[in-house]
Amino acid sequence: MTSTSSKATYVIGWAAIVALASSLLFALVLSPPEVSMGDSVRLLYLHLPTIAVSYLGYGITFLGSVIYLRNQSVFWDLLAGAAAEIGVLFTAFVLITGSIWGKPTWGTYWEWDPRLTATTVMFIMYLGYLAIRRMDLPQEVRSRRAAVIGIIAIANLIIVRYSVQWWRGLHQGQTLGVDTQLDGLMLFSLFLSVVAFLFLGAWLLIHRFRVAWLERQVEDMRLARALNERRGEAGDATLGGAVS
Amino acid sequence: MVNLSGAISLIGGFPALAGVDLTVADGEIVVLRGPNGAGKSTLLRLCAGLAHLNGGTGTILGHDLSSREQRRRIRRETGLLAHQTFLYDELTVEDNLIFWARANRADPSTVEPILDRLDLGGRLRTVKISALSAGQRRRASVAVMVCRRPKLWLLDEPHAGLDQTGRDFIDDIVRHAVRFGATVIIASHDHERVSNLATRTVHLVGGMVTGAEDGREEGQNVS
Amino acid sequence: MNHWAFVITGYAVVFVGIAVYTGWVLARGRSLTDEVPEERRRFLD
Amino acid sequence: MFRDAWLMASKDLRIEWATRVGMGQILPFGGLVLILFGLAISPDLAVAGSDGRSLLAQAAPGLFWITVLLASLLALGRSFAVESADGNLDALKMAGLDPAGIFLGKSAAVAIQLLALQVVLGLGAFVLYGPPLTDLVLLLVVVILATLGITAAGTVYAAVASGLRVRDTMVPLLVLPVVAPVLLAATKATEAAVFGPLENGWSWAMLLGVFALLYAGVGMLAFGPIMEES
């Protein structure tokens with residue numbers, strides 16, 4: 001079978017499917033509505049896991065960038081890029097579920113809540129990182145610049161997060177927080193959904209990394225062909241002079 | 001001086017150099033010849049430590065091209081006269097020269113005689129680069145190169161766009177540089193002129209060296 | 001107070017999004033593996 | 001390093017003096033933005049509970065800093081356009097200038113131009129929007145610290161985008177989210193400086209200082225890897 005699958009991804013993939021299915025069962029059916037939030041608490045079982053996956057993605061991007069700058073490893077460069085893409089995708093989910101959750105809770109889709117605001121800025125920041133990875137520059141130049149930004153981005157993330165928190169903190173208490181009572185079944189649903197999404201994230205990351213790896217291989221093959229053609233040009237010229 | 005073996009260099013995913021073998025000894029004046037797109041400019045940029053060595057091995061002035069640290073030293077010790085002027089259009093000839101002299105840790109007072117020698121003294125000194133003719137700009141670029149005192153001179157079409165006196169200037173300067181121990185590589189289409197200078201001509205086609213001739217003797221391939 | 005509409009929308013958006021992305025990644029992986037010969041397909045993991 | 005920084009900064013300022021792009025184009029642009037804000041926000045709208053100040057006066061600190069950010073994007077773009085026009089980045093590398101020195105020099109030159117710009121734009125904002133002024137010292141400190149932060153962070157990201165054909169669109173995408181905290185802190189601190197009370201203003205100014213220091217350090221470390229091979 002020609003695909004990016006392997007034994008490992010089958011195992012992780014099936015684990016993700018099973019975990020997601022049972023987590024849906026718990027999140028939507030078995031767990032009770034919360035006292036103050038009502039059924040909208042169920043969005044939390046979606047919101048929190050997506051946050052976990054996106055932060056893990058950015059963490060891997062940071063790690064990969066550090067390692068790439070140390071030893072120019074193609075593996076870590078590509079992994080950093082793949083993880084950032086998944087981080088951005090899941091940050092989009094965080095924003096969407098956050099604002100959908102906000103409508104019944106706050107009455108609006110958007111609230112200048114510190115986390116929501118900081119997450120949006122962070123989202124755009126990592127879109128910039130992905131744009132750097134697509135820059136029209138020689139490969140090693142692009143990778144090095146992306147790695148530098150992948151590292152700085154974490155510092156930015158912290159600054160943005162705390163400055164926004166401070167900014168809103170002066171006006172009002174935190175609005176989005178799990179300060180409500182979650183009973184055993186709810187906590188279990190939350191735990192299960194986080195586990196399920198981590199499996200899903202890992203599975204996506206492996207596949208996305210392999211796609212990036214294959215893209216690099218295709219690029220290398222194209223280069224090898226171009227090199228041969230170029231040498232052909234030189235060969236034709238040499239035939240006339242009968243040398244080498 | 002220059003020692004390249006199977007050197008590959010990519011420009012935007014295109015193998016501009018597809019495996020160049022080239023050895024240049026101390027004090028040589030090597031002329032690179034070849035059609036447009038043969039990789040002459042990239043070869044010069046590679047020797048200057050600017051283009052990336054993507055395959056093969058190379059040492060320039062005894063420094064390894066594949067080491068980032070040593071490439072920095074190569075850049076300091078070579079001089080490149082390229083199609084780009086390497087000058088700030090918005091500044092005057094004098095300001096440019098003084099800035100680049102300082103940037104290269106050369107004595108700014110050496111700028112004066114160089115300007116005079118290149119006919120850029122007097123009125124032209126206070127003219128902005130953008131107001132100069134192509135030939136005058138080229139002279140200003142040469143002036144910067146002279147004040148850097150590089151050990152390896154890399155000249156990309158140095159005679160292009162110059163008048164007769166300008167061409168003679170370039171030749172004089174090249175001969176002068178060699179007399180003071182420099183090595184020169186020139187990429188040029190102006191065969192007649194450079195063959196008077198060259199100690200060796202190297203042919204470059206399709207990003208590879210396809211032949212070489214010694215000195216001014218024609219048709220003797222020794223690759 | 002009925003929040004189910006919001007809950008369903010939220011879950012739908014996320015899971016459709018994941019499905020689309022997964023589909024894209026898998027399809028791209030398929031077409032690329034066809035292009036790349038066996039020996040270049042070691043993924044280093 | 002400081003020698004190279006001085007060399008770069010004086011060269012950039014000399015170019016500005018010769019071409020007057022900053023004073024002749026970026027400054028009028030900033031003034032125009034200030035006026036456009038005035039047109040967009042009706043000057044007759046008043047804010048409740050703010051001593052009868054107009055909405056424009058109340059929003060003046062934020063509008064001023066948005067204007068400065070937009071102007072800084074132009075100044076940063078200009079700063080690197082000068083280097084890439086004739087291959088001068090290559091020439092700088094061949095000269096062996098210290099990357100940290102290049103970073104400090106280029107950001108210092110942009111900072112000086114922006115500060116000069118802000119003197120005029122600030123006066124313009126006071127005249128056009130009519131906010132009061134409580135503490136000039138805090139205001140000046142904020143202006144200086146915020147400018148250093150914007151230029152340090154901006155120079156890093158403008159360098160990342162240098163050598164690109166899409167540089168002009170890349171720089172805003174990269175720089176604006178990063179300097180969002182500066183906008184926030186500078187606006188809050190400026191509000192304190194013009195309206196009072198002042199106690200929070202100084203802590204926001206502290207944050208600006210930390211940001212500027214952090215990015216000065218980041219830039220000095222990162223400029224080598226960014227400039228390499230470009």
Side-chain angles (χ1 to χ4, degrees), chain A residues 58 65-72 77 88 91 112 114 116-171, chain D residues 62 89 99 103 149 152-153 156-167 169-189 191-192 197 199-201 203-204 206-208 210-215 217-219 221-230:
Chain A
Y58 297 145
S65 302
V66 171
I67 297 177
Y68 176 78
L69 277 189
R70 282 183 163 271
N71 63 7
Q72 274 76 49
D77 177 36
V88 165
T91 308
W112 290 97
L116 203 48
T117 312
T119 306
T120 310
V121 174
M122 182 178 88
F123 177 65
I124 299 167
M125 225 153 61
Y126 275 94
L127 278 182
Y129 171 82
L130 291 182
I132 290 173
R133 295 199 65 92
R134 286 193 307 271
M135 287 192 310
D136 177 27
L137 285 175
Q139 200 167 71
E140 57 281 342
V141 176
R142 190 178 47 206
S143 296
R144 191 167 311 121
R145 291 189 188 182
V148 169
I149 296 308
I151 293 170
I152 304 177
I154 289 287
N156 290 336
L157 206 149
I158 295 166
I159 299 173
V160 169
R161 184 78 175 66
Y162 282 95
S163 60
V164 172
Q165 187 140 17
W166 198 12
W167 171 58
R168 293 314 292 172
L170 295 177
H171 292 256
Chain D
L89 274 179
F103 164 75
V156 172
Y157 282 85
V160 165
S162 70
L164 281 180
R165 253 164 292 163
V166 292
R167 184 189 58 211
T169 42
M170 237 353 213
V171 171
L173 171 67
L174 296 176
V175 173
L176 288 181
V178 176
V179 295
V182 176
L183 173 70
L184 214 65
T187 302
K188 283 288 160 195
E191 278 174 2
E199 61 271 23
N200 280 327
S203 29
W204 284 112
M206 281 271 290
L207 181 68
L208 288 171
V210 169
F211 187 94
L213 266 180
L214 179 81
Y215 260 94
V218 163
L221 289 176
F223 233 62
I226 292 172
M227 293 247 320
E228 196 68 32
E229 299 303 326
S230 54

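Every chain is numbered from 1 and lettered A, B, ... according to where its sequence line falls, protein lines coming before strand lines. Because only heavy atoms are used, hydrogens play no part in the values below, and waters and symmetry mates are left out as well, while side chains stay in.
- The residue among A:Ile151, A:Thr120, A:Ile132, A:Leu137 with the most heavy atom pairs within less than 4.5 Å of chain D is A:Ile132.
- With a threshold of 4.5 angstrom between heavy atoms, D:Ala153 does not approach chain A through any atom at all.
- At a 4.5 Å heavy-atom cutoff, the contact between D:Val160 and chain A is made by backbone and side-chain atoms alike.
- Contacts between D:Ala185 and chain A at a heavy-atom distance below 4.5 Å are absent for every atom of the residue.
- Using a 4.5 Å heavy-atom cutoff, the side chains of A:Val148 and D:Phe223 are not in contact.
- To the nearest 0.5 Å, atom CD1 of residue A:Ile149 and atom OH of residue D:Tyr157 are 4.0 Å apart.
- Using a 4.5 Å cut-off between heavy atoms, D:Leu221 does not touch chain A at all.
- Using a 4.5 Å heavy-atom threshold, the side chains of A:Ser163 and D:Lys188 count as separate.
- Side-chain atoms of A:Asp136 and D:Val166, non-hydrogen and from C-beta on, never get closer than 4.5 Å to each other.
- A:Ile159 places a side-chain heavy atom less than 4.5 Å from the side chain of D:Leu214.
- At a threshold of 4.5 Å between non-hydrogen side-chain atoms, the residues A:Val160 and D:Val178 do not count as touching.
- Only the side chain of D:Val156 comes within contact range of chain A, judged by heavy atoms closer than 4.5 Å.
- Looking at D:Leu207 and A:Tyr162, their side chains never come closer than 4.5 Å, going by heavy atoms from C-beta outward.
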